[in-house]
There are 2 protein chains.
Amino acid sequence: MKKKTTIYDIATKLNITAATVSRALNDSELISKKTKKMVLEAADELSYFKNRHALALKSGRTNQVGLVVPFINRHFFSNIIMGVEEELYPKGYQVMIFQSNESERKEKDIIEALLQNQVDGVLISVSKTTRIKDHFNKIIDNNLPLIFFDRKADIENSSCVETDDVLGGKIATQHLIDQGCSQIAYVTVDLNLNIYTNRFKGYKESLKYNGIDFRKELVFQANSDIASGRKVARQILSSDANIDAIFCSSDYIALGVMQELKEQNVSIPDDVAVVGFSNEPFTELLDLTLTSIEQSPYEMGKSAARVFLDQMNSKNAIIEHAIKLKPRLYIRDSSLKNNRKTHN
Amino acid sequence: MKKKTTIYDIATKLNITAATVSRALNDSELISKKTKKMVLEAADELSYFKNRHALALKSGRTNQVGLVVPFINRHFFSNIIMGVEEELYPKGYQVMIFQSNESERKEKDIIEALLQNQVDGVLISVSKTTRIKDHFNKIIDNNLPLIFFDRKADIENSSCVETDDVLGGKIATQHLIDQGCSQIAYVTVDLNLNIYTNRFKGYKESLKYNGIDFRKELVFQANSDIASGRKVARQILSSDANIDAIFCSSDYIALGVMQELKEQNVSIPDDVAVVGFSNEPFTELLDLTLTSIEQSPYEMGKSAARVFLDQMNSKNAIIEHAIKLKPRLYIRDSSLKNNRKTHN
DNA sequence: TTATATTGTGCAATCCATTGCATAGAGTAT
DNA sequence: ATACTCTATGCAATGGATTGCACAATATAA
């Protein structure tokens, strides 16, 4: 195996010292132009490149940040990553991306690895299964910026960027009510996650605001996938609740629900209106397009990155940002009753 | 800013040397149980963790591999990433993910950064715009495993894992012919990329095999997006070619094509059958589901990772793997003429 | 009790780049 | 010609973990 070229190799070749080489490579004004040129040429010839680990060791800084998401192959998260990179790459930061697979154990391992890597900060969306939070405190203990996005944990001195999910829940519900619905079933996912509790909260607040009684028998639970959506649709239809809308806290659930409703000849949106959450790309590709709440993941990523940069630029002051991004409703076929007047 | 804990801090605290601490932390059998316990406790108390950069500097190995994709937020690539991680994470490797944004310039920067990071290997899918290949040779010059996936460059001593795109082109075309089509338009993307030239090759071979003349006026070009698909559909319809099928080398083009056909009241699949390529998730969520070629990105990622591991395990021998994964046709509504007999 | 084997630690060099301080040599002023 | 600046370089320590070699302390054998 060929040894890697170091500044010492260059120095030896040119009969100068490594210090001079180092300075030349960094374009120090202490070094004569002639020497700089010599060094640069030799470096190129020996195909030299800096060893970042030596640098990191010396300086204590790495210009790397850790970015942790549950899964990378989700539209939402991969677009957050895009946003983070877009913001951080031009500033000279490398983004190290990791996925927790929704496992607390893996999340801990990852953070351990990030700390070992001496990253300059951590951006993370917490795994669904995470209950313990020691690993987050370790980050804070090491005086590193910790920024949560989308899913946060309650950690002192950390920051967070999230969608205003309460508002999201509200505007979706309000929209259904505006469409004439009043018996609105709600399908939630894991209520351990703040995002889902908040959407639920928005749903309830909106009902209250409109003078509609909250009925807990209209609340159902499902996983965020199509099969689970179909299953919950069957539950809803076979229950004695006489609903006229289903608000799903996930687009995948909503899709499953729509498939099942179609199969059972329930007309969408006239018999039952459907609204999803997240505005997945497929929502507008469907034949019966799905009304949904857009969360702007790309913007969220950018925002989280900016918070990180902010904290880096004011290392002394402890800043706790708490940013809420406004969600937006995309109204589509699944809930828009243009024939509403003809129905009762 | 609090200083990070090192083995020296632990050593000082316990009145022993750093060497002993190091051995204790690595569970060396040279160290007494009593000392190990002491050290472990102290390490915990001071919230110590290893500095990977010191390690990397010392050992020359990082247990990190670089993974470069054009865009992370594409179903295809994000699933490749999943596969790579799945295979490498259990073996103790960290996967550093980067996106080239289809820019040769950024690709070069990334590889430079990876080399500076002393990664143990590079897995990459080449950017569309890349023409120069010096940066790939640098990797080889440094004796690192270089594995291309999906899109490769012609580099000695590198390996590659790809879909058998020629076969993909063949089976899709054969399927259309089996459905009774003979005037099959072909829509290609950038012919600079091997994947597209190969799909095109498969198309032509299949025509020939079936005794159908290749007509170059049936070949169209588009970008891989919906708008471009709509545009090319308009071109096709307004040309005097009298086609009965459109084989699109991308699902997004196919979707745009279908939307345009519907709008122009062309019946799918009876007037015109449509086939896409890649089996994007949305293909089966559509009301009129889209026939497409599945490329198993997850498997591709795993395969590429395995090639990497192989090369690591036989550092002396130069291995050049060239793996072709079999694509698979998913036949759906857009091309399946179940009423074929009733039509002529 | 002395010689010898065993065990547990310490010493010091190494990996690579950076940087404060020292200094040789060239240039300028008197 | 002497004293005094600069300029361009070299020297050596630093950062954190590892590891071959040396050696002290203890245990065992003779």
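Values below: all heavy atoms of this structure, side chains included; hydrogens, waters and symmetry mates excluded. Lettering of chains follows the sequences in order, A, B, ..., and the numbering in each one begins at 1.
- Take the nearest nucleotide of DNA chain D for B:A19 and for B:A54: the residue whose nucleotide is more 5' is B:A54.
- Environment of NZ in A:K108: sparse, with no more than 12 heavy atoms of neighbouring residues, nucleotides or ligands closer than 6.0 Å.
- Look at NE2 on A:H53: it is 16 Å from P on D:dG16, rounded to the nearest Å.
- Look at A:Y8 and you won't find any side-chain N or O under 4.0 angstrom from OP1 or OP2 of D:dG10.
- One atom, NZ of B:K58, and another, C1' of D:dG16, lie 11 Å apart when rounded to the nearest Å.
- Atom CZ in A:F49 sits roughly 11 Å away from atom P in C:dC16 (whole-Å rounding).
- Rounding to the nearest 0.5 Å gives a distance of 7.5 Å between OG1 of A:T6 and OH of A:Y48.
- Picking from C:dA17, C:dG20, C:dG10 the nucleotide with the shortest atom distance to the side chain of A:R23 gives C:dG20.
- Ion pairing between a basic and an acidic side chain is recognised when a charged N comes within 4.0 Å of a carboxylate O; A:R105 and A:D109 show such pairing.
- Rounded to an integer number of Å, the gap from CG of B:N117 to C1' of C:dC16 is 14 Å.
- Counting any heavy atom pair closer than 4.0 Å across all strands shown, B:S22 reaches a base atom.
- Residue B:K34 contributes atom NZ, which lies 12 Å from atom C1' of D:dT26 at whole-angstrom precision.
- An OP1 or OP2 oxygen of D:dT18 is reached within less than 4.0 angstrom by a side-chain nitrogen or oxygen of B:N26.
- For the atom pair CG (B:N192) and NZ (B:K128), the distance works out to 10.5 Å, reported to the nearest 0.5 Å.
- Among the protein residues, A:L55 comes within range of the sugar-phosphate backbone only, with heavy atoms under 4.0 Å from sugar or phosphate atoms but none that close to a base.
- When rounded to the nearest whole Å, the span between CD1 of A:I16 and P of C:dT23 equals 21 Å.
- Nucleic acid contact class of A:L30 (heavy atoms, under 4.0 Å, all strands): base.
- Look at B:T17 and you'll find a side-chain N or O under 4.0 angstrom from OP1 or OP2 of C:dG10.
- With distances taken from any side-chain atom of B:S32 to the nucleotides C:dA17, C:dG8, D:dG16, the minimum falls on C:dG8.
- Distances from the side chain of A:I31 to the nucleotides C:dT9, C:dA17, D:dT9 place D:dT9 closest.
- Annotation for B:K302: atom NZ counts as buried by contact number, over 12 foreign heavy atoms lying within 6.0 Å.
- A straight line from CG of A:N51 to P of D:dG16 spans 16 Å, rounded to a whole angstrom.
- Nearest-nucleotide positions on DNA chain C place B:K33 closer to the 5' end than the other of B:S59 and B:K33.
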Please step through side-chain contact (heavy atoms from CB on, under 4.5 Å) for the pair B:I81 and B:V95, ending with a clear verdict. CA-CA 9 Å; B:I81 297 171; B:V95 181; 5.6 Å; no
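- Remark: P of D:dG15 and CG of B:L57 are 14 Å apart, rounded to the nearest angstrom.
- Within 4.0 Å (heavy atoms only), B:T35 reaches sugar-phosphate atoms of the nucleic acid but no base atom.
- Nucleic acid contact for B:L25: none, since no nucleic acid atom lies under 4.0 Å from a heavy atom of the residue.
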